[in-house]
Amino acid sequence: MLPPPTAEPVDIGLPWSNRFAALGPDFSTALQPTPLPAPYWVGTSPASARLLGLGAEWLTSPEGAALFTGNTPIQGSQPLASVYSGHQFGVWAGQLGDGRAILLGETTTGLEVQLKGAGRTPYSRMGDGRAVLRSSIREFLCSEAMAALGIPTTRALCVTGSDAPVRRETIETAAVVTRLAPSFIRFGHFEHFSARGQHGPLRQLADHVIDHYYPDCRLADKPASHSYAALLRQVSQRTAELLARWQAVGFCHGVMNTDNMSILGLTIDYGPFQFLDGFDPGHICNHSDEQGRYAFNRQPQVAYWNLFCLGQALMPLIEDEDLALAALETFKTAFPAAFDARMRDKLGLLQPREDDRGLIEATLKLLAAERTDYTIFWRRLGHYVAGGPVEPVRDLFVDRRAFDDWLLFFSERNTVENRAQSADLMLKTNPKYVLRNHLGETAIAQARQKDFSGVQTLQRLLESPYAEHPGFDDFAGFPPDWAAHIAISCSS
Ligand code: AMP
Ligand code: MG
């Protein structure tokens, strides 16, 4: 039985501030989530529960499931769907918006709480406002895995499911992911108002973002245009750092449309993402991306392209083209610097040197030649530097000479370092466990049978990805042959 739509709001002890709602009706539409029948628990992240100050045990009660599926209103929340636009696959797509995500509001912890898959909104277009169990589990697990890897991301508090059917390529079932972030504002929010010539709301949005998330950008002694340019510069910087982390860990987002780019430089909107198995720089993880626009090695360029769209959207506020271009230039220096820093950590290089780029490039070239398993290589290399035998690393390569030549290069550079410290850095930087596609698929297959232990196991491993977790080596092994045939599209 569904609770009546007018169910009394329940006080769950969260203090709400709802600053996005306060921006007014140009930015969003107030509405209630659409209930789902008989919601059940799929997974909870204790770490995210702690961020909100909620007890994880209480959450998993039937009352908790009803609340975080959107069936019971939460006292103090002000549910809304926000409007944005964006470029999809390089083409202006016009108005999009939260078509299935409903922002419950912001709590005084500084985190907004959003239900993804909670029903139709005025921005649903042809969509049903729902998300399926499979993609919701992937988003839940990956959000928390990325956070544990130290990669900026929206978080996931929990996933609930329902047997309500949802039509995609086949009939699947519905689920809701509860996401947390300081803000879900995207590049596309700015593009929306700019494209419509709504410069008042554009400025209001930029001021909201500066005041709440980038206070350093407020330059009191300069004309306002300089504050907006400073915002573009800082977003470029954060985006560069995010991309450096994605590239270093081997994460492919898959749908880097401007509406999937966070103004805070967070990983957002997990769809057909993938952690690389073998190192294939041109890997395309999104089955719907026929041109390979979002191939792994194109991600930094695409990020810059997206920042350019943001810059264009901000032009009515920045006014001076040179100022905007100078802000965007930040990405071009910040990305390589951040990427080299991340790769130095992976290589255990404590002291940066001018010529480190050479070793970084040689390493990536070595891995690309045989599509060597990206995660396993780095982890084994860390164990070797920690004093282990070299064979587990060398055994990853058919071309032993190429490996030995590279090892000489690496050893000459690495021996300059304090070996124990170097190994320590490597084992804290190169994860043992990442959310490979096949691991997710196995947990999803179990979850479809209402066995959520696989989701729970993965969540536990991925929340400390650098720990050894004795007994779970299978989760850190090579992908099975069938993993190469997993096709993940935009359908979610
Ligand atoms: P995505 O590719 O998931 O980032 O979504 C792109 C746009 O389509 C966003 O505006 C989403 O809100 C919307 N969208 C995706 N799936 C659905 C759905 N099932 N129902 C309504 N809107 C959707
Ligand atoms: Mg999206």
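Each ligand, and each atom within it, is numbered from 1 in the order the structure gives. All values below come from the heavy atoms of this structure, side chains included, with hydrogens, waters and symmetry mates left out.
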Under-4.0 Å protein heavy-atom contact, atom 1 (P) of ligand 1: no

Could you check [atom] against the protein and tell me its nearest heavy-atom contact, residue, atom and distance included?
| atom | answer |
| --- | --- |
| atom 5 (O) of ligand 1 | Asp259 OD2, 4.8 Å |
| atom 14 (N) of ligand 1 | Arg100 NE, 4.1 Å |
| atom 7 (C) of ligand 1 | Arg125 NH2, 3.2 Å |
| atom 6 (C) of ligand 1 | Gln88 NE2, 3.8 Å |
| atom 20 (N) of ligand 1 | Gly129 N, 2.8 Å |

Trace of the salt bridge (Lys or Arg N to Asp or Glu O under 4.0 Å) decision for Asp277 with Arg436 = CA-CA 7 Å; Asp277 290 318; Arg436 294 180 192 255; 2.9 Å; yes

Are [X] and [Y] near enough that their ring centres are under 6.0 Å apart?
| X | Y | value |
| --- | --- | --- |
| Tyr40 | Phe452 | yes |
| Phe27 | Phe193 | yes |
| Tyr294 | Phe89 | yes |

Query raised in the report: Should the heavy atoms of other residues, nucleotides or ligands under 6.0 Å from CG of Asp481 be counted, would the total exceed 12?
Result: no

message: For His199, I'd like to know if atom NE2 has over 12 heavy atoms of other residues, nucleotides or ligands within 6.0 Å.
response: yes

Exercise. Could a heavy atom of Met126 be found less than 4.0 Å from some atom of ligand 1?
Worked result: no

Any heavy atom of Tyr84 under 4.0 Å from ligand 1? The part involved is side chain

With heavy atoms and a 4.0 Å threshold, my read on which part of Thr121 contacts ligand 1 is neither

Expected output: side-chain [X] to main-chain [Y] donor-acceptor under 3.5 Å:
| X | Y | answer |
| --- | --- | --- |
| Ser183 | Ile185 | yes |
| Asn260 | Thr267 | no |
| Arg238 | Leu264 | yes |

Salt bridge present between Asp98 and Lys116 (N-O < 4.0 angstrom): no

Could you tell me whether Lys332 and Glu329 make a salt bridge, using a distance below 4.0 angstrom between a side-chain N and a carboxylate O?
yes

Near [X], which atoms of ligand 1 are under 4.0 Å from a heavy atom of that residue?
| X | value |
| --- | --- |
| Gly127 | 18 (C), 20 (N), 21 (C) |
| Leu96 | 10 (O) |
| Arg168 | 19 (N) |
| Asp269 | 4 (O) |
| Asn260 | 4 (O) |
| Asp128 | 18 (C), 19 (N), 20 (N) |

Within the 2.8 Å cut-off the protein N, O or S neighbours of the Mg ion (ligand 2) are Asn260 OD1, Asp269 OD2

Taken to the nearest 0.5 Å, the spacing of Leu149 CG from Glu144 CD works out to 11.5 Å

OG (Ser28) and CG (Leu103) are apart, to the nearest 0.5 Å, by 8.5 Å

If you compare Gly119, Gly188, Gly99 by their heavy atoms, the one closest to atom 22 (N) of ligand 1 turns out to be Gly99

Nearest non-hydrogen contact to atom 11 (C) of ligand 1 from the set Gly97, Ser492, Ser85 belongs to Gly97

Using only heavy-atom distances, determine whether the side chains of His192 and Gln95 contain a donor-acceptor pair under 3.5 Å. no

In Thr239, Asn257, Leu314, Asp259, the residue satisfying side chain to side chain contact (heavy atoms under 4.5 Å, CB included) with Phe187 is Thr239

Does ligand 1 come near enough to Asp98 that some N or O of the ligand is less than 3.5 Å from an N or O of the residue? no

